[in-house]
Amino acid sequence: MSSRTNISCLQEAARVAIFGGTHGNEMSGITLVNMWIQNSAEIERNGLLIKPFISNPRAVEKCSRYIATDLNRAFTPENLSAPDVEGLPYEVQRAKEINRMFGPKGSADAYDVIFDLHNTTSNMGSTLILESSTDLFNLQMVHYIKKAMAPHTCSVLLNEHPQLKYSTTRSVAKHPVGLEVGPQPQGVLRSNVFESMRTILKHALDFIEIFNSGVTFPPCTVDVFRVQERMDYPRDTNGNITAMVHPHLQDCDWEPLNRGDPMFLTFDGRTVLYEGANTVYPTFINEAAYYEKQQAFMTTGREILAANAIRKACK
């Protein structure tokens, strides 16, 4: 709801959850959340209920991405409404439990914000992931975080695409925020990645506390990378991969990929060029977890989103 001065009055964010272990081999979020479960002083903020939470404890115990199916794709309407019967895949059961605890998804009773902490093997650096270009609260929050992180970069990936529905763990919340930090191998903890994730969470919680105190945040713009297309590896007629990410593309997340640039290198030494009409910005390049999803990288396009001024709505 906007006033005549174009200040959008939004409900305060009173309940915040921090999820680690949605994927059980992504160690930064798991370690931070377990640390905060033991001692929450670092994440406490005035007037905020903040709950650190391990999303997929069985996968964490096994240090595997998941047990039966990817929890971060399990929050579909079909799964969440499925009857509680014996034989449901573990992550579907867990999705239903999380939806009961932090949702229901899409309802007024859902948690205000969920931060879902992830690591990637790709050279993405620190990346905030949003699911809506019209969520003024999240746009203002990532603008605040990016300014606080400067001169260090923090990219923003916008997962808003009509054909790409992820049904993420964080989608239970009114304001879902993903955090992807890398590169970090699966099952490994790197101090620089750990500290970057920790710092971003600090700034995010600071923003929420300041917003809830009644401060008005002025209009802002946010540079985002909007998801476009999943690019698979070249394959033979049996579905087997026949090429690798080209060395000129490897580790070049967020850098422009132009028509005619090298994209893949076949096992027999042939270069496969990018043939798209427009320049794109690849990310999740050669992500280890995405081989099973038949994805070599994801293309994005750059956009600048504008956000109104916001302040907490008066009760």
Side-chain angles (χ1 to χ4, degrees), residues 22-23 25-26 29 65-66 69-76 116-133 138 142 153-171 176-186 193 222-235 239 241-265 272-305:
T22 292
H23 295 135
N25 55 7
E26 297 177 4
R65 183 173 173 86
Y66 54 77
T69 189
D70 192 335
L71 181 62
N72 210 34
R73 308 292 187 271
F75 287 75
T76 64
D116 194 17
L117 310 184
H118 290 266
N119 291 124
T120 174
T121 63
S122 301
N123 189 35
M124 291 172 62
S126 298
T127 302
L128 290 155
I129 305 178
L130 303 183
E131 302 190 2
S132 170
S133 60
N138 275 354
V142 300
T153 59
C154 187
S155 301
V156 180
L157 178 64
L158 178 61
N159 263 350
E160 188 179 59
H161 189 288
Q163 275 76 54
L164 298 178
K165 298 295 185 183
Y166 289 97
S167 304
T168 57
T169 310
R170 59 188 174 270
S171 66
V177 181
L179 179 51
E180 195 84 49
V181 187
Q184 179 169 281
Q186 297 172 345
V193 172
V222 181
D223 188 4
V224 304
F225 294 88
R226 182 189 288 268
V227 166
Q228 291 184 345
E229 185 181 5
R230 296 173 181 152
M231 302 292 289
D232 192 10
Y233 296 89
R235 296 177 184 272
I241 289 173
T242 59
M244 306 162 282
V245 170
H246 195 280
H248 289 176
L249 179 59
Q250 181 64 52
D251 298 327
C252 294
D253 294 72
W254 310 122
E255 296 182 18
L257 179 66
N258 302 299
R259 183 178 179 87
D261 287 347
M263 187 169 58
F264 296 109
L265 183 66
V272 179
L273 304 179
Y274 176 65
E275 297 181 352
N278 301 314
T279 297
V280 295
Y281 299 84
T283 194
F284 284 111
I285 297 172
N286 206 12
E287 162 60 48
Y290 288 172
Y291 277 74
E292 70 175 28
K293 299 183 187 302
Q294 298 185 329
Q295 179 179 311
F297 60 90
M298 178 183 289
T299 64
T300 72
R302 293 191 74 165
E303 295 182 19
I304 296 177
L305 301 180

Q: Start with the C-alpha gap between Val272 and His246, add the side-chain angles, then the distance that decides, and say whether side-chain contact (heavy atoms from CB on, under 4.5 Å) holds.
A: CA-CA 8 Å; Val272 179; His246 195 280; over 6 Å; no

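Remark: Leu130 CG to Asn159 CG distance equals 9.0 Å, nearest 0.5 Å. Atom CZ of Arg230 and atom CD of Gln228 lie 14.0 Å apart (nearest 0.5 Å). The CD atom of Glu255 sits 11.0 Å away from atom OG1 of Thr283, with the distance rounded to the nearest 0.5 Å. Put simply, OH on Tyr66 and CG on Asn25 are 10.5 Å apart, with the number rounded to the nearest 0.5 Å. If you take CD on Glu303 and CG on Leu158, they are separated by 7.0 Å, rounding to the nearest 0.5 Å.
Looking at every heavy atom in both residues, Thr76 comes nearest to Ser167 through CG2-OG, 3.3 Å. Residue Met263 comes nearest to Leu249 through the heavy atom pair O-CD2, 3.6 Å, listed as atom of the first residue, atom of the second, then distance. Residues Ala289 and Arg65 share a closest heavy-atom pair of CB-NH1, 3.1 Å. When all heavy atoms are compared, the tightest approach of Ser171 to Glu131 is CB-OE1, 3.9 Å. Thr169 and Thr22 make their closest contact through OG1-CG2, 3.3 Å (heavy atoms, listed as atom of the first residue, atom of the second, distance).
Listed for the Trp254 side chain is a donor-acceptor partner under 3.5 Å among the backbone atoms of Met124. Checked by atom type and distance alone, the side chain of Asn123 never pairs as donor or acceptor with a backbone atom of Cys252 at under 3.5 Å. The main-chain N or O of Ala288 is found under 3.5 Å from a side-chain atom of Thr121 such that the two form a donor-acceptor pair. Not a single donor-acceptor pair under 3.5 Å links the side chain of Arg302 to the backbone N or O of Asp223. Listed for the Asp253 side chain is a donor-acceptor partner under 3.5 Å among the backbone atoms of Ile285. A donor-acceptor pair under 3.5 Å is formed between the side chain of Arg259 and the backbone N or O of Glu275. With Gln184 contributing its side chain and Asn119 its backbone, the two residues share no donor-acceptor pair below 3.5 Å.
Salt-bridge formation is not detected for the pair Lys293/Glu287: no Lys NZ or Arg NE/NH1/NH2 atom is positioned less than 4.0 Å from an Asp or Glu carboxylate oxygen.
Contact check for Asn72 versus His23: side-chain heavy atoms found under the 4.5 Å cut-off. The shortest side-chain heavy-atom distance between Thr168 and Asp116 does not fall under the 4.5 Å cut-off. By the 4.5 Å heavy-atom criterion applied to side chains, Thr300 and Leu157 are counted as neighbours. Looking at heavy atoms from C-beta onward, Glu160 lies in side-chain contact with Arg226 at the 4.5 angstrom threshold. Taking the side chain as every heavy atom from C-beta outward, Val222 and Ile304 never approach each other to under 4.5 Å.
Evaluated for a side-chain contact (heavy atoms from CB on, under 4.5 Å) with Asn138, the options Pro176, Ser132, Ser133 yield exactly one hit, Pro176. For the side-chain contact (heavy atoms from CB on, under 4.5 Å) test with Val181, the passing option among Thr120, Val193, Thr127 is Val193; the others fail. Considering Phe284, Phe297, Tyr233 as possible partners of Tyr291, the one that fulfils the ring pair (Phe, Tyr, Trp, His ring centres under 6.0 Å) test is Tyr233.
Judged by distance alone, the side chains of Glu26 and His118 do bring a donor and an acceptor atom under 3.5 Å apart.
Under the side-chain contact (heavy atoms from CB on, under 4.5 Å) criterion, Pro247 pairs with Leu265, not counting sequence neighbours.
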